[in-house]
A.B. asks: 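This structure is in structure tokens; I'll ask about it shortly.
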Amino acid sequence: MSIITPGFHGLRRGGGPQLPPGQYLAHDFPVLSAGPTPKVRTERWEFVITTETGEEKSWNWAEFTALPYEDVTVDIHCVTKWSKLGTGWRGVAVDTLLQDVETAADYVMAHSYDGYTTNLPLEDLVDGQAWVAYRYEGGALTPEHGGPARLLVPHLYLWKSAKWLHKLRMMLEDEPGFWEEAGYHNYGDPWREQRYQGD
Ligand SMILES: Nc1nc2c(c(=O)[nH]1)N[C@H]1C(S)=C(S)[C@@H](COP(=O)(O)O)O[C@H]1N2
Ligand SMILES: [Mo]
């Protein structure tokens, strides 16, 4: 019997195995939106993928929610320094959505119903790293947190997880999204503290 319990790291005050540098633990779920919450009814909701050749694939709510989903528990990290550990989501893996999509693109722009955009490398959205999430902790995803559905890319700062997601647009060349244009880091890895341009 050992007295020191392996794996116990005491109070987490920033850094450590689960908390990226400069982050603190949040127990609530702050809402951060650049503008008002758009009212997106599932009856009119549509999720679209467009390729660089202009081809389009779309799903209405019934089609989207009939796709194979995954229940995932992930840590999320906001650039305003709060992190939330072990959050539970249900979503469709981006891998599933891209199954019949032919593209040579390396970059993706996420477009939301409020006009928000954010850019990501395609390789960060595949291989089980990203979902279009529509349930949170056992309930429908609430409008203020991005419902009906939002992008969930937990390994990057949360501004990359576009709420009220409408479209993923494949791009051959990278382009900055809303916050990236305003000086946020182009990539946004919380473990490397890539908050702003130049970090
Ligand atoms: N469509 C849209 N998505 C968005 C935003 C936004 O303003 N519009 N804000 C981003 C930012 S800066 C953050 S930190 C997270 C916040 O998600 P939350 O409100 O669920 O905490 O959403 C991101 N996704
Ligand atoms: Mo943010």
Side-chain angles (χ1 to χ4, degrees), residues 20 32-34 40 45-61 63-79 83-84 87-136 141 145-181 184-192 194-195:
L32 285 138
S33 309
V40 187
W45 180 91
E46 195 181 38
F47 173 66
V48 183
I49 293 179
T50 60
T51 72
E52 68 279 10
T53 62
E55 267 179 78
E56 222 175 83
K57 215 167 176 290
S58 68
W59 294 260
N60 64 25
W61 187 251
E63 292 163 341
F64 177 77
T65 53
L67 292 170
Y69 59 78
E70 293 175 11
D71 287 321
V72 295
T73 301
V74 297
D75 302 340
I76 53 179
H77 312 290
C78 178
V79 72
S83 289
K84 204 168 164 57
T87 58
W89 304 80
R90 175 170 294 178
V92 178
V94 174
D95 297 297
T96 302
L97 297 162
L98 286 174
Q99 235 154 43
D100 301 316
V101 174
E102 258 191 61
T103 180
D106 287 327
Y107 303 95
V108 179
M109 187 71 80
H111 292 261
S112 295
Y113 276 100
D114 61 340
Y116 185 86
T117 54
T118 187
N119 58 310
L120 305 108
L122 178 57
E123 65 177 9
D124 284 84
L125 293 180
V126 297
D127 300 328
Q129 298 182 90
W131 298 267
V132 178
Y134 58 99
R135 292 180 70 77
Y136 175 75
L141 183 60
H145 286 299
R150 78 182 294 170
L151 191 59
L152 177 65
V153 193
H155 71 284
L156 299 176
Y157 281 124
L158 201 58
W159 87 78
K160 296 287 184 180
S161 294
K163 303 196 282 187
W164 315 297
L165 185 64
H166 178 40
K167 185 190 287 190
L168 293 179
R169 177 169 61 91
M170 305 295 133
M171 307 187 292
L172 295 174
E173 311 272 348
D174 200 10
E175 289 170 32
F178 177 79
W179 283 121
E180 294 82 5
E181 184 95 57
Y184 278 34
H185 197 277
N186 192 57
Y187 183 62
D189 179 352
W191 296 96
R192 289 186 278 167
Q194 294 174 335
R195 299 177 193 276

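Position 1 is the first residue of the sequence, and the numbers go up from there.
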A.B. asks: Considering non-hydrogen atoms only, spot the tightest contact between Trp61 and Ala149 and give its length.
C.D. replies: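 Shortest heavy-atom contact: CZ3-CB, 4.4 Å.
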
A.B. asks: If the condition is ring pair (Phe, Tyr, Trp, His ring centres under 6.0 Å), which residues does Tyr69 pass it with, not counting sequence neighbours?
C.D. replies: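 Once residues adjacent in sequence are excluded, Tyr69 has no partner under the ring pair (Phe, Tyr, Trp, His ring centres under 6.0 Å) criterion.
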
A.B. asks: NE2/His155 to CD1/Ile76 distance, rounded to the nearest 0.5 angstrom?
C.D. replies: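 The CD1 atom of Ile76 is 14.5 Å from NE2 of His155, to the nearest 0.5 Å.
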
A.B. asks: With respect to Trp59, which candidate in Ile49, Val132, Val48 satisfies the side chain to side chain contact (heavy atoms under 4.5 Å, CB included) definition?
C.D. replies: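 Going through Ile49, Val132, Val48 one by one, the side chain to side chain contact (heavy atoms under 4.5 Å, CB included) with Trp59 is satisfied by Ile49 alone.
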
A.B. asks: Sequence neighbours left out, what passes side-chain contact (heavy atoms from CB on, under 4.5 Å) with Tyr184? Give chain and number order.
C.D. replies: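 Result, side-chain contact (heavy atoms from CB on, under 4.5 Å) vs Tyr184: Val79, Trp159, Trp179, Tyr196.
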
A.B. asks: Can you find a heavy atom in the side chain of Leu98 that is under 4.5 Å from one in the side chain of Leu122?
C.D. replies: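 Yes, at least one pair of side-chain atoms sits under 4.5 Å.
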
A.B. asks: Using the test side-chain contact (heavy atoms from CB on, under 4.5 Å), find all partners of Glu55 that sit at least two apart in sequence or belong to another chain.
C.D. replies: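 By the side-chain contact (heavy atoms from CB on, under 4.5 Å) rule, Glu55 matches Thr51, Thr53.
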
A.B. asks: So how far is it from Ser58 OG to Lys167 NZ, rounded to the nearest 0.5 Å?
C.D. replies: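 Between atom OG of Ser58 and atom NZ of Lys167 there are 10.5 Å.
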
A.B. asks: Could you note down all residue pairs passing side chain to side chain donor-acceptor pair (under 3.5 Å) where residues 95-108 supplies at least one of them, sequence neighbours left out?
C.D. replies: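 Found Glu52-Thr103.
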
A.B. asks: In chain order, what residues pass the side-chain hydrogen bond (donor to acceptor under 3.5 Å, both in side chains) check against Thr118, with sequence neighbours excluded?
C.D. replies: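 Thr118: side-chain hydrogen bond (donor to acceptor under 3.5 Å, both in side chains) contacts with Glu180.
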
A.B. asks: Taking all non-hydrogen atoms of both residues, which atom of Pro154 and which atom of Gln129 are closest, and how far apart?
C.D. replies: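 Pro154 and Gln129 have their closest heavy atoms at CD-O, 3.6 Å.
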
A.B. asks: Please assess Val108 against Met170 for the test side-chain contact (heavy atoms from CB on, under 4.5 Å), listing each intermediate value before the final yes or no.
C.D. replies: CA-CA 5 Å; Val108 179; Met170 305 295 133; 3.9 Å; yes

A.B. asks: Nearest 0.5 angstrom please: His77 NE2 to Lys160 NZ, how far?
C.D. replies: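 His77 NE2 to Lys160 NZ: 15.5 Å, rounded to 0.5 Å.
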
A.B. asks: Could you list all the salt bridge (Lys or Arg N to Asp or Glu O under 4.0 Å) pairs where at least one residue sits in residues 122-132, not counting sequence neighbours?
C.D. replies: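 As it turns out, there is no salt bridge (Lys or Arg N to Asp or Glu O under 4.0 Å) pair with a partner in residues 122-132 once direct neighbours are skipped.
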
A.B. asks: State, yes or no, whether a side-chain contact exists between Leu97 and Leu67 at a heavy-atom distance under 4.5 Å.
C.D. replies: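 SC-SC contact between Leu97 and Leu67 confirmed.
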
A.B. asks: Residues in salt bridge (charged side-chain N to carboxylate O under 4.0 Å, His left out) with Arg135, at least two apart?
C.D. replies: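 Salt bridge (charged side-chain N to carboxylate O under 4.0 Å, His left out) check on Arg135 returns nothing, list empty.
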
A.B. asks: Nearest 0.5 angstrom please: Thr50 OG1 to Glu56 CD, how far?
C.D. replies: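 Here the interatomic distance stands at 6.5 Å.
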
A.B. asks: I need the minimum non-hydrogen distance between Leu165 and Ala110, along with the two atoms involved.
C.D. replies: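 Reported closest heavy-atom pair: CD1-CB, 3.9 Å.
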
A.B. asks: Examine distances only and state if a side-chain atom of Asn119 and a backbone atom of Glu175 form a donor-acceptor pair shorter than 3.5 Å.
C.D. replies: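 Yes; at least one donor-acceptor contact below 3.5 Å.
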
A.B. asks: Who pairs with Val72 by side-chain contact (heavy atoms from CB on, under 4.5 Å), at least two apart in sequence or on another chain?
C.D. replies: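 Partners of Val72 by the side-chain contact (heavy atoms from CB on, under 4.5 Å) criterion, ordered by chain and then number, come out as Glu70, Val74, Trp89, Trp131, Leu152.
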
A.B. asks: How would you list, by chain and number, every residue that makes a side-chain contact (heavy atoms from CB on, under 4.5 Å) with Lys163, sequence neighbours excluded?
C.D. replies: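 side-chain contact (heavy atoms from CB on, under 4.5 Å) check on Lys163 returns Val31, Ser33, Arg150.
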
A.B. asks: List in chain and number order the residues that pass ring pair (Phe, Tyr, Trp, His ring centres under 6.0 Å) with His111, two or more places apart in sequence or in another chain; answer none if no residue qualifies.
C.D. replies: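 Applying ring pair (Phe, Tyr, Trp, His ring centres under 6.0 Å) to His111 gives none.
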
A.B. asks: Please enumerate all residues that pass ring pair (Phe, Tyr, Trp, His ring centres under 6.0 Å) together with His166, with sequence neighbours excluded.
C.D. replies: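 Applying ring pair (Phe, Tyr, Trp, His ring centres under 6.0 Å) to His166 gives Tyr113.
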
A.B. asks: Please name all residues satisfying ring pair (Phe, Tyr, Trp, His ring centres under 6.0 Å) with Tyr187, sequence neighbours left out, ordered by chain then number.
C.D. replies: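 None.
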
A.B. asks: Restricting to non-hydrogen atoms, name the atom on Leu151 and the atom on Ser161 that form the minimum distance, rounded to 0.1 Å.
C.D. replies: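 Of all heavy-atom pairs spanning Leu151 and Ser161, the closest is O-CB, 3.0 Å.
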
A.B. asks: What class does the angle between the rings of Tyr116 and Phe178 fall in, given that below 30° is parallel, 30 to 60° is tilted and above 60° is perpendicular?
C.D. replies: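 If you compare the ring of Tyr116 with that of Phe178, the planes turn out tilted.
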
